[in-house]
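Proteins get letters first, then strands, A, B, ... in listed order; numbering begins at 1 in each. Keep in mind that the numbers below use all heavy atoms, side chains included, and drop hydrogens, waters and symmetry copies.
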Number of protein chains: 2
Amino acid sequence: MVTQSEENYLKAIYHLGKQGSIAVSTNAIAEKMTTKASSVTEMLKKLAEKELVDYKKYQGVSLTKKGKTIAANVVRKHRLWEVFLVEKLKFSWDEVHDVAEQLEHIKSQKLIDELDAFLEFPTQDPHGDPIPDREGNLQKSQKIFLSQVNQSVNCSCVGVKDSSASFLKYLDKNSIALGTAIQVVNKEPFDESMNIKINDSELTISKEIANNIYVKLN
Amino acid sequence: MVTQSEENYLKAIYHLGKQGSIAVSTNAIAEKMTTKASSVTEMLKKLAEKELVDYKKYQGVSLTKKGKTIAANVVRKHRLWEVFLVEKLKFSWDEVHDVAEQLEHIKSQKLIDELDAFLEFPTQDPHGDPIPDREGNLQKSQKIFLSQVNQSVNCSCVGVKDSSASFLKYLDKNSIALGTAIQVVNKEPFDESMNIKINDSELTISKEIANNIYVKLN
DNA sequence: TTATATTTTTAGCCTTCCCTAAAAAAATAT
DNA sequence: ATATTTTTTTAGGGAAGGCTAAAAATATAA
């Protein structure tokens with residue numbers, strides 16, 4: 001049996017390990033989980049004992065095959081629940097996270113299989129992140145930053161990088177949501193700001209904003 | 001903050017306190033929760049400290065207003081999730097309990113309000129038990145035992161008394177489900193067995209079975 | 001009513017997961 | 001290459017929730 005706390009640690013290591021496949025540091029985990037490094041060390045020993053991570057003192061950790069499967073499954077559940085909350089229960093982008101954080105720990109294979117079917121097998125969550133399949137494989141999404149899109153090109157919003165509540169609120173205010181069609185009207189070389197068209201109305205956005213929005217080309 | 005464990009104790013006291021409004025005994029709670037009496041005593045002290053129960057050593061406990069509200073809310077969540085599992089995710093009667101037992105502890109007012117609306121404000125769970133409203137009031141259901149129904153009378157199944165997996169399986173096997181129309185064809189005075197008609201096919205059931213099925217008259 | 005049985009509580013201990021403070025190892029700077 | 005800083009681990013402790021065994025209170029029987 002894997003406890004809720006253990007699942008959270010595995011998930012954190014999973015996310016931190018994604019970019020660059022080097023071992024994850026104790027401090028990085030502590031920061032991500034807003035806990036103390038000493039607590040992390042203790043948990044790493046327990047996870048190593050259970051063969052869910054490879055851990056050598058002072059050398060950081062990485063997930064074993066077994067650990068990775070569990071972590072991917074937690075992420076899968078988290079993202080499926082997010083889809084459920086947005087599509088079926090009228091939650092908005094910035095409200096789903098805390099609840100999904102609780103729901104991801106519910107244990108029932110049938111529940112998650114049926115939920116997946118009920119949602120018609122979604123491949124992305126409301127933030128545009130891919131949903132791992134039953135085996136834990138997640139298809140590489142080919143999203144790029146809006147800032148990388150050339151003038152006159154059409155694309156659609158598939159996600160955000162910074163999913164803080166304040167940024168999500170900005171997007172809502174400007175009618176940018178998952179799936180929203182965006183046309184790049186003009187790119188200003190000087191400050192890298194952009195003019196974009198959304199539903200026929202034009203909007204100017206800064207480099208910082210454009211660097212936080214993921215899109216896919218149409 | 002009320003912990004998951006505290007919620008479970010409050011719920012147990014709530015259920016045990018229903019029939020007969022005398023105080024609930026330590027042993028009864030221990031049995032219901034499959035734990036030890038000593039653990040119960042310890043928890044009762046904690047709950048009394050938080051003013052969720054009235055507790056006097058050796059005299060049993062009862063819920064305070066505050067405790068009752070929390071307990072009713074847990075029951076409300078449990079039963080709403082059961083409806084969700086059966087109506088939307090194709091769970092059968094005997095599969096919902098364990099999962100609902102986990103889901104009932106998810107904390108989010110919006111979640112439960114939206115779920116309620118999504119399910120179109122059900123008043124009964126799949127076992128025919130009433131769902132408390134937001135204030136914790138639950139309408140008295142007027143269900144009676146099938147054994148109390150007179151000859152030639154039509155009724156429909158609204159619930160069961162013993163919801164053990166084995167009994168639920170018996171019902172499934174004989175095509176008896178929530179909402180199933182039942183006609184009492186004949187009552188045998190000798191052993192109180194009954195002949196009943198379900199979807200035009202006749203079935204003989206013992207007194208024990210008839211005493212476990214709740215119905216409402218048509 | 002006194003003895004016996006049952007119920008409930010107390011005392012002491014365990015595990016999980018968190019913490020602080022100090023020690024040890026590794027990384028960085030002079 | 002040594003000194004300093006940063007990171008990681010160890011040591012020791014706390015709260016929550018469970019356990020067993022023994023003591024105390026209550027209930028039941030003779």
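- Distance Glu49(B) CD to dA15(D) C1': 15 Å, rounded to the nearest Å.
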Under 3.5 Å, which donor-acceptor pairs do the side chains of residues 45-56 of chain A form with other protein atoms, sequence neighbours left out?
| unit_1 | atom_1 | unit_2 | atom_2 | d |
| --- | --- | --- | --- | --- |
| Lys50(A) | NZ | Met1(A) | O | 3.1 |
| Lys50(A) | NZ | Glu6(A) | OE1 | 3.0 |
| Lys50(A) | NZ | Glu6(A) | OE2 | 3.0 |

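- No more than 12 heavy-atom neighbours from other residues, nucleotides or ligands sit within 6.0 angstrom of NZ on Lys57(A).
- Rounded to an integer number of Å, the gap from NZ of Lys56(A) to P of dA25(C) is 16 Å.
- Aromatic ring centres of Tyr14(B) and Tyr9(B): separated by at least 6.0 Å.
- Put simply, Asn27(A) has no side-chain N or O that comes within less than 4.0 Å of OP1 or OP2 on dT6(D).
- The partner of dA24(C) is dT7(D), judged by Watson-Crick or G-U wobble contacts that both fall below 3.5 Å.
- With Phe118(B) as the aromatic partner, Lys88(B) meets the cation-pi criteria of under 6.0 angstrom to the ring centre and within 45 degrees of the ring axis.
- Using a 4.0 Å heavy-atom distance criterion, Thr26(B) is classed as a sugar-phosphate-only contact.
- Straight-line distance from the CG atom of Leu44(A) to the P atom of dT7(D): 16 Å, rounded to whole Å.
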What is the per-nucleotide protein-contact pattern of nucleotides 11-24 of chain C, from the 5' end, where B denotes a base atom under 4.0 Å from a protein heavy atom, S denotes such proximity for sugar-phosphate atoms only, and - denotes neither? -----SBBBB---B
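- The separation between Gln59(A) atom CD and dT7(D) atom C1' is 12 Å, rounded to whole Å.
- When all heavy atoms of Pro132(A) and Leu138(A) are compared, the closest pair comes out as CA-CB, 3.9 Å.
- The partner of dA29(C), taking Watson-Crick or G-U wobble pairs whose two distances both stay under 3.5 Å, is dT2(D).
- What separates CD1 of Ile29(B) from C1' of dT9(C) is a distance of 14 Å, to the nearest Å.
- Both the sub-6.0 Å distance and the 45° axial angle are satisfied by Lys110(A) relative to the ring of Phe91(B).
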